[in-house]
Structure formats: structure tokens, C-alpha cells
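Beneath this line is the structure, given in C-alpha cells, with notes to follow.
Computation of the quantities below employed the complete heavy-atom set of this structure, encompassing side-chain atoms and omitting hydrogens, waters and symmetry-equivalent molecules.
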Amino acid sequence: MRLSRYFLPILRETPKEAEIVSHRLMLRAGMIRQESAGIYAWLPLGYRVLRKIEQVVREEQDRSGAIEILMPTIQSADLWRESGRYDAYGKEMLRIQDRHERDILFGPTNEEMVTEIFRAYVRSYRDLPKNLYHIQWKFRDEVRPRFGVMRSREFLMKDAYSFDLDQEGARRSYNKMFVAYLRTFDRLGLTAIPMKAESGPIGGDMSHEFIILASTGESEVFCHKALLDLPKPSPDLDFEGDLQPIVDSWLSHYAATEEMHEPARFEAEVPEDSRISARGIEVGHIFYFGTKYSAPMNAVVTGPDGQEHPVHMGSYGIGPSRLAAAIIEASHDENGIVWPESIAPFKVGLVNLKVGDEATDRACEAIYGRLEAAGVEVLYDDTEERAGSKFASMDLIGLPWQLIVGPKGLAGGTVELKNRATGERESLSIDSALARLGG
RNA sequence: CGGGGCAUAGCGCAGCCUGGUAGCGCACCUGGUUUGGGACCAGGGGGUCGCAAGUUCGAAUCUUGCUGCCCCGACCA
């Protein structure tokens, strides 16, 4: 992509409403535009990132055996009356009427709908387990949206729903998601720690929030230092195998959010020099809720015993739009964003330091062409800005690599390759620079 | 939902107290000089001063109502 033809509205000054660093950087880097309180348009750079996050989430869901569907954003109130949640949900739910004055709503979540879909088709335990997920916009009318897309009213969520014959099966499904989440966050460049969460009316130990540590996190969290260095499950893991040992290895260390924190246990179980108490951002939440929806909504299957059983369900959420902000919170410096390569909007920023200089233009065009041909995502700054301004913009938008081409280097047959994360710069020949970038 | 604050050009702000032809910086356009970490000079374009009513000869400025947005707290992927 040529910057001169792209739509990248970079702000030099920080809009005053932006309080936390990710919000400031997303606005300055031209990733998002606020349209209403807690409602954002995704501009090209932001949208590229969002799609990449979505794709990583999707790949890991698929790998774990979950199956993608797409349910609507608008739901009928009647469906929610079946579960009793239409009255229970409160003002967070955006309630609307259509032209026939029928009550409808913009979905804050999809348990009822997925249960309705499931019960319409599945009759036998032989068809279980199933895990259906979708990645869809949700709306929760937060009293006080804030921090940009970190806590917005409209947000993108991946929500998966598992169906099993009994609790034992549900635990296996739960474990798959647990492991899939570890892999997902790892691929996104995040160290997410599963922490025991409020399990609601169902009780039990199957409810965890995945938390990343960040100074701007919303809640206080406590955990054992060892959790930061536990190995992540590998891509060739057999999800049909026994995942309990992996799950147990994570749960064997103390980790809790404010609400679930037990100071006495923390002090007893964790040696003083291993205690971490920090702020955290919730980036995922998984929980088992048994027959909470299947029973009232009559989602039943026939078991091996010939009897009908309400299915045991769990639901598993990850917020890609929130993750975009969370990743920035975890990965930035004073100059701007530092994208992990897995979700960077472009891999390389090609900086032409002297547009109009024939040799420089020619070299840049050649490099640009070769990178494009090799399928390397490149943003080519072919604008007539000054060098300093180009450097500042590139640092701000945080592409992992900057390939800097100017007359001085070219005179000696070199270009400069800068690593955004480390700041390290190397003078290389064009060929070896391209080789390094996979071009 | 309780408490506080803001609304003036795309962004950041001044002007308001004490009413009298709307300003600054950045960004944008033109010309010139510059050119490896956010250049300089000269010229230029752009604003129903959030909306509505009131007071007044005259309202960005005073009064009232409304709307939007932000911050602090209680709640949430």
C-alpha cells in the first residue's frame, strides 16, 4: 500500500478525551474514530489489526474443534423471555421496537439464540460434543463507557458455546477452550493468566478470566510469578487427548482477581518473592453454566439410557476489539505503538527519505515491488513529508520493521533496516534487507 | 445512577468575569528557500461560537431550558 493513496489520518496532537495510552495511540494513529459515546468506527489501519486479531482467534477456535457460525445482532425478545433473562438483564440491554411494535433487542450475548439453534436440530448424545462459535458485534449499554474500545458499548466478541451430555463432558469442552485461549493469547503476543472468577449461581470451579498484566488495568489481581513463564501449549497438541494435566499445571499456582482474592491463602501458598500484585485487563472469560438455559428452553438430547437430558453448556468469550487496545497497553513506548508481528497492520514500513530524488525513488519502487510480489505486507511512505515527520509517523503506527531508504545510504549501496521493538538499526544491502523480510 | 467538568475552524486552546465586526498554534492551499528524527519565510482558505428561547440598540460573552461529550465513584467481554 502506498501511503499517498491510503487513508491514514494521523493526529499530531492528542484529543483531550483520551485518558489511557491505548486510546490516545489508537486515535493518534488513525485507527478508530468515535461516533458516539462508546461507539467507534474502525478506520483502515485499525480495521486491519482487528481482522488479524479475529483471524488468530478463529484459527485457534477451529484448531480446538469449535465450529464457526454467524448469528444475527438483532434478536427477538420472545427468545429472551423463554430463559427469563428479558426481565432479568436490566438496562444494559438495548431494547428496540420494530414497525409492528414487536419487542426486539440488540444482542449483548447469544446463549438463548445458540440454544434455540441447537435444540432445533440435535436430538442424540451421539452428536455431542459440539461447540459453536461466532465473531459478531455486541451491544451493552454500559452506564459509563470509557477508555476507547477497551470498554465500549458496541464491541466485537468471539463467543463460543459448548454442548455436552453431562458435566464430565462439559469439563472436557471447558478444558479445550482453556487451552485454546492460552494459545490464542500467546499468538497475540500476550501473556494471559487464567484466574479463578466468579462462577455465578452454578458454582463449581469452572469459571476463569484470562487476565493480562498492565498498569492501566481496571482491576487488582494477585498471582504467583511462575505463571508468567509457564510453557504455552504447542500447535500440534491433540485436543481430543487428556488436557487436564495442562489445565492443572496452570491452576496449581495461585491466581485471583480482586473479587476472588483470599489474602490469607495468597500469603500461605505463595512465597513472598514470588507474589505479584498488579493491575490487570480481562481479555477472555470462560465458564460452565450447566443447564441454566437448556433446562428452561428445553434443549435436550436422548442419552445412552434412552432418557432425555438437558444438555450441559458452557460459554467462552474473547473480545477482539478490546484486545486491540489491550495489546497496545501491553506493547508501546514513548514514541507509539509496538505491534507484535502476528497482528501488525503491515509488516514493513518502507520509508522513502527523499521523494523526487531519482535514485531513491527507483530503489524504493524496486523494493516495494519485490515485497508486494513476495506477499509481504508493506506500507510504502511515498509522501513528500520531511524525514523527521516520516520517522515519527512510522514509530507511532508501530509496524515491526522500517526499511529506510535515502540517498546517503544508497550512495554506499545500503539501506537501513530498523526494528521497531528494539530500536536496532542495521545497514544492509537491498538484497539482504529483502531476504531478512522474506522478500 | 450519584458527584464534578467541558462544548469557539480538522486537532489543541485563548477570548466570556467587565456585551460592541471571532483570535492563536498545529494541520490544509499557493510560492520560495530547505531536506537522515515532527524546517523556515511570505501569502491564503476555512467558524450557524453545541441547540433553542430570553434580556439588550447589540450576545461567543448575561439568564433559562435542552442536547452531546469527558472525568471520579458503584456495574461489565
Side-chain angles (χ1 to χ4, degrees), chain A residues 9-20 23-24 27-28 30 33-39 53 57 89-93 107-111 135-160 181 192 197-198 200 207-212 218-219 257-259 281-287 315-326 334-336 351-357 360 381 383-396 402 404-412 414-416 418 423 425 427:
Chain A
I10 283 177
L11 269 38
R12 193 157 165 178
E13 281 168 284
T14 304
K16 62 175 174 183
E17 73 266 18
E19 194 73 2
I20 63 169
H23 191 191
R24 284 202 298 267
L27 290 170
R28 286 199 53 214
R33 161 117 191 133
Q34 178 167 336
E35 293 298 336
S36 277
I39 299 180
I53 294 171
V57 170
Y89 212 90
K91 288 189 158 180
E92 271 199 0
M93 184 153 75
T109 177
N110 287 68
E111 279 85 2
I135 302 174
Q136 176 64 292
W137 294 93
K138 304 290 189 292
F139 193 92
R140 292 184 190 169
D141 200 357
E142 297 280 346
V143 213
R144 192 182 155 209
R146 59 182 128 171
F147 303 151
V149 295
M150 186 77 85
R151 188 183 314 178
S152 50
R153 293 196 293 171
E154 187 178 67
F155 58 97
L156 190 61
M157 181 158 87
K158 183 287 298 181
D159 39 330
Y181 275 34
E198 208 81 64
S207 175
H208 291 89
E209 290 177 359
F210 286 73
I211 303 277
I212 62 167
E218 316 144 90
S219 55
T257 59
E258 253 169 318
E259 309 85 61
I281 300 170
E282 180 186 352
V283 290
H285 193 172
I286 60 177
F287 60 103
S315 82
Y316 315 90
I318 291 182
S321 49
R322 166 180 282 191
L323 270 171
E334 63 282 0
N335 296 320
V351 182
N352 183 331
L353 285 181
K354 192 161 186 176
V355 170
D357 176 79
T360 311
D381 187 347
T383 65
E384 293 182 20
E385 284 299 309
R386 300 169 62 81
S389 153
K390 292 191 175 194
F391 290 136
S393 294
M394 274 300 167
D395 285 349
L396 173 64
Q402 295 172 18
I404 300 159
V405 181
K408 288 184 193 169
L410 286 177
T414 62
V415 294
E416 224 170 66
K418 175 178 163 186
R425 293 153 161 264
S427 283

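Across the strands present, B:rC16 finds no partner; the criterion is a Watson-Crick or G-U wobble pair with both atom distances under 3.5 angstrom. Judged by Watson-Crick or G-U wobble contacts below 3.5 Å, the nucleotide B:rG25 has B:rC11 as its partner. For B:rG73, the paired base is B:rC1 (Watson-Crick or G-U wobble, both distances below 3.5 Å). Across all strands shown, B:rU30 forms a Watson-Crick or G-U wobble pair with B:rA42, both key distances being under 3.5 Å. Nucleotide B:rU61 has no partner under the Watson-Crick or G-U criteria, as no pair reaches both atom distances under 3.5 Å.
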B/S/- contact track for nucleotides 67-72 of chain B, protein heavy atom under 4.0 Å: --SSBB
Which nucleotides of nucleotides 25-39 of chain B have their base under 4.0 Å from a protein heavy atom (B), which only their sugar-phosphate (S), and which neither (-), written as one string 5' to 3'? BSS------B-BBBB
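The P atoms of B:rC41 and B:rC24 are separated by 15 Å, rounded to the nearest whole Å. To the nearest whole angstrom, the two P atoms, one in B:rC62 and one in B:rC49, are 15 Å apart. One C1' atom belongs to B:rU48, the other to B:rA60, and the distance between them is 12 Å to the nearest Å. Nucleotides B:rC16 and B:rC6, compared at atom C1', are 14 Å apart to the nearest Å.
You'll find the side chain of A:Glu416 stays beyond 4.5 Å of the side chain of A:Leu353, heavy atoms only. Looking at heavy atoms from C-beta onward, A:Ile404 lies in side-chain contact with A:Arg425 at the 4.5 angstrom threshold.
The side chain to side chain contact (heavy atoms under 4.5 Å, CB included) check on A:Ala392 picks up nothing, with sequence neighbours excluded. The side chain to side chain contact (heavy atoms under 4.5 Å, CB included) search around A:Asp357 returns A:Lys354, A:Ala359, A:Thr360, A:Pro407, not counting sequence neighbours. Every residue two or more places apart in sequence or in another chain that forms a ring pair (Phe, Tyr, Trp, His ring centres under 6.0 Å) with A:Tyr181 is listed here: A:Phe185, A:Phe210.
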Extract from the structure each pairing of a protein N or O with an N or O of nucleotides 41-47 of chain B at less than 3.5 Å, listing the distance.
none

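Residue-level contact check: A:Thr360 touches neither bases nor backbone, having no heavy atom under 4.0 Å from any strand.
As a whole-Å value, the separation of A:Lys91 NZ from B:rC76 C1' is 16 Å.
A:Arg24 contributes atom CZ, which lies 7.5 Å from atom CD of A:Glu19 (distance to the nearest 0.5 angstrom).
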